[in-house]
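One structure is given here, and the rest of the page talks about it.
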Amino acid sequence: MLRFYSHLDAHSDVLKLFGEMSQCGVRPDAFVYPILLKSAGKDGRLLHAHLVKLGHCFDRYARNAIMDVYAKHGPVEVARKVFDEMSERSVADWNLMISGYWSWGKRVEACGLFELMQEKNVVTWTTMVTGYSRVKDPVRGRWYFDHMPERNLVSWNAMLSGYSRNGFAEEAVKLFNEMMAAGVQPNETTCVAVIMACSSLGDPCLAESLVKRLNERGVKLNCFVKTALLDMYAKCGSLEKARKVFDELGLYRNSFTWNAMVSAYARTGYLDSAKELFDQMPEKDVVSWNSMIAGYAQNGESICAINLFKEMIRNKDVKPDEVTMMSVISACGHLGALEVGNWTVDTLMQEGIRLSISGYNSLIFMYSKCGSIMDAKRVFEEMETRDVISYNTLITGYAAYGHGNKAVNLIHMMEDEGIKPDRISYIGALTACSHAGLLEEGREVFESIKAPDVDHFACMIDLLGRVGKLDEAKELVDKMPMKPHAGVYGSLLSASRVHKRLDLGEFAANRLFELEPENSGNYVLLSNIYASAGKWEDVERVRGAMRKVGLTKTTGWSWVEYRGKMHKFIVGDRSHDQSESIYTKLAELQKKMRTAGYVADENCVLRDLELEEKEEIVGSHSEKLAIAFALLVSEAGSVIRVVKNLRVCQDCHTAIKVISKMEGREIIVRDNNRFHSFSKGLCSCKDYW
DNA sequence: CTAGGGTTAG
């Protein structure tokens with residue numbers, strides 16, 4: 001009866017029946033243990049003592065089963081102890097031990113046993129192929145595949161999936177063709193591996209031809225294959241076909257099928273469809289939650305991601321893992337939500353989740369985006385091993401803070417550590433030099449790039465423009481070996497505004513009107529250049545042209561975090577609960593400014609009231625509203641952190657300096673690409689205007 | 001009656 005349940009994979013029934021058996025006082029014999037241990041999972045460890053007590057530990061099958069439990073669920077050292085205590089060992093015992101070492105990533109131990117082993121069989125060799133694939137090294141796995149004395153279908157499948165799981169899609173397809181040429185009849189597992197390879201190639205034509213070939217060969221498609229197929233269609237850009245497979249599977253769907261469909265919608269930004277399916281799922285596991293949370297996080301719905309995570313925590317059926325935490329931590333970074341971020345890190349500690357390099361990288365990202373660059377640096381330094389993304393994240397962080405030298409030093413440090421800087425590293429370092437006004441350092445970095453691409457030129461032109469070398473910047477634009485993109489002219493236009501170069505401003509703006517006619521920011525910049533030159537007719541002409549194309553200023557939002565909640569403002573916003581007090585505070589600030597003698601001048605705090613026909617919402621830019629709110633609710637003397645989705649405008653930049661001095665508060669504003677730290681009437685961004 | 005290959009999340 002136990003064996004009957006076991007064959008059906010009805011594990012809970014096996015355990016229940018065993019309980020009944022014990023209650024009836026029936027002593028289990030050695031035959032029972034392999035069956036029981038297979039169903040018990042990691043709880044099988046609890047049966048170990050029991051088994052020894054009853055004297056079954058000399059039975060070869062019982063011993064093999066207990067070894068299997070420790071090999072799969074750890075500690076693998078106990079499995080080895082059982083292995084060592086055996087007087088004679090079967091090939092199966094050796095194979096199990098080698099496989100156990102591989103599943104704990106212990107390459108040296110696995111290889112050691114393999115070398116010691118006398119009678120190797122096809123399973124032994126296949127275990128080595130799979131082992132190397134688990135440590136992401138299918139190339140070494142291929143050596144064993146090539147040298148094995150005999151191969152069977154499982155060996156081919158092991159090699160094939162080793163390639164496709166590790167991003168060696170072309171090799172997988174090639175091997176599949178070799179397999180067909182060798183006349184090996186494929187099965188469902190073969191199909192899954194090849195379909196996965198097509199998914200990662202994202203090639204719809206290859207996908208189509210593969211389905212055709214499978215149909216021709218009359219391979220029957222089980223749920224595994226159908227799910228892989230669904231995923232392939234989704235990744236090759238055909239959600240409709242994916243959905244069709246999903247619908248056709250009907251009741252044959254398993255949790256993988258549901259998860260694949262949810263993540264297909266979530267990845268592509270169809271968040272409502274994803275959520276609808278997510279809510280309908282019969283049972284949700286970690287992957288279901290992770291797919292949905294990642295979907296929100298990657299499509300700009302950071303708040304939704306965090307809320308869903310909170311729901312997951314309340315749920316208690318499912319424990320979050322590293323993947324969950326990475327999405328949530330990244331969402332906190334995008335929002336600049338440090339309170340929620342710190343709470344997330346606490347949760348991470350409580351749950352005892354260990355982080356891999358990518359996990360640490362997400363922490364570096366979050367701290368740097370939340371204005372805690374020191375914490376970002378601390379995490380970076382605490383890491384035992386770092387990858388190119390660790391460096392790039394911190395370099396990009398330094399760039400946003402204007403820490404030019406630190407960013408350049410990191411480039412050298414990564415080279416010393418044997419990690420090659422990539423295009424992102426150089427973009428970061430050049431941006432950092434630009435924000436810090438480090439012309440010579442930036443030049444040196446630019447010269448060191450072997451094949452600079454259009455973005456590197458854009459950064460260099462931005463740097464030249466910012467330090468006032470506009471003619472040299474224009475020369476570089478003309479000398480570029482490739483077609484300049486909008487970013488190049490955008491930098492030139494901004495620099496022309498700061499350094500009052502009407503000629504270059506007009507030149508850049510005209511290129512931009514062609515390249516990105518929908519971007520209203522370019523019209524605004526050009527009209528501001530005319531305004532500061534007193535050319536009011538031109539101002540009106542540009543604004544008229546902008547209205548004519550039907551463009552309005554892009555909406556700028558600012559937000560602050562208070563007690564774990566984001567408070568969001570738009571210019572002239574009156575929708576906030578504490579709106580009245582906020583406006584009173586704002587009026588009070590303005591009155592203070594006036595009496596302190598801050599009046600309209602070139603870098604004026606109050607000028608735009610006259611300019612912008614906004615009598616009613618005087619000075620109520622989103623940043624100022626957010627700061628006024630923070631001044632009302634936050635503890636005296638604490639740092640105020642504001643995030644804005646666009647650039648901080650000139651008026652606000654000047655105003656916030658004054659507010660920081662008058663109120664004695666440090667105010668950190670995060671732009672769309674940099675930090676402005678205001679303290680005692682000064683700002684960290686010396687280059688800004 | 002033991003050992004090797006399969007689908008989902010970043």
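Nothing here was measured: the structure is a model prediction, and the numbers come from that model. Labels below follow one simple rule: chain letters A, B, ... track the order of the sequence lines, proteins then strands, and each chain is numbered from 1.
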Students should find that the nucleotides of DNA chain B closing off the region near chain A, any atom under 4.0 angstrom from a heavy atom, are B:dC1 to B:dG10

Looking across every strand, which nucleic acid part, if any, lies under 4.0 Å from A:R134 by heavy atom: base, sugar-phosphate, or nothing? sugar-phosphate

With a 4.0 Å heavy-atom cut-off, tell me which residues in residues 167-190 of chain A come close to DNA chain B, sorted by residue number. A:N187, A:E188, A:T189

Does the side chain of A:N290 come under 3.5 Å of the side chain of A:N259 through a donor N or O and an acceptor N or O? no

For a quick check of understanding: with a heavy-atom distance under 4.0 Å over all strands, which category does A:R151 fall into, base, sugar-phosphate or nothing? nothing

Can a side-chain donor-acceptor contact be found between A:T127 and A:N95 if the only test is distance below 3.5 angstrom? no

A:R63 near the nucleic acid: base, sugar-phosphate alone, or nothing, with a heavy-atom cut-off under 4.0 Å? nothing

Has A:K310 got more than 12 heavy atoms of other residues, nucleotides or ligands less than 6.0 Å from its NZ? yes

Need one value for A:K38: base, sugar-phosphate or nothing, where a base atom within 4.0 Å counts as base even if backbone is also close, heavy atoms only. nothing

Which residue, A:W102, A:Y144, A:Y101, A:W94, forms the ring-ring contact (aromatic ring centres under 6.0 Å, His included) with A:F114? A:Y144

Quick one: do A:R63 and A:D59 make a salt bridge, cutoff under 4.0 Å? no

So for atom CD, which belongs to A:Q280, do other residues, nucleotides or ligands contribute more than 12 heavy atoms lying within a distance under 6.0 Å? yes

Would you find more than 12 non-hydrogen atoms of other residues, nucleotides or ligands less than 6.0 Å from A:R89 atom CZ? yes

For a quick check of understanding: with a heavy-atom distance under 4.0 Å over all strands, which category does A:D285 fall into, base, sugar-phosphate or nothing? nothing

Can we say A:E20 and A:K16 salt-bridge, meaning some charged N sits less than 4.0 Å from an Asp/Glu carboxylate O? no

Base, sugar-phosphate alone, or nothing: which one does A:M196 contact when heavy atoms must sit under 4.0 Å apart? sugar-phosphate

For A:E322 and A:S356, which I'm curious about, is there any donor-acceptor pair between the side chains at under 3.5 Å? yes

Within residues 286-297 of chain A: residues closer than 4.0 Å to DNA chain B (heavy atoms): A:V287, A:N290, A:S291, A:A294

Do the side chains of A:K369 and A:L335 get nearer than 4.5 Å, heavy atoms only? no

Scan side-chain atoms only and decide if A:S358 and A:N361 contain a donor-acceptor pair under the 3.5 Å cut-off. no

Could you check whether A:S161 gets within reach of a base, just the sugar-phosphate, or nothing at all, counting any heavy atom under 4.0 Å? sugar-phosphate

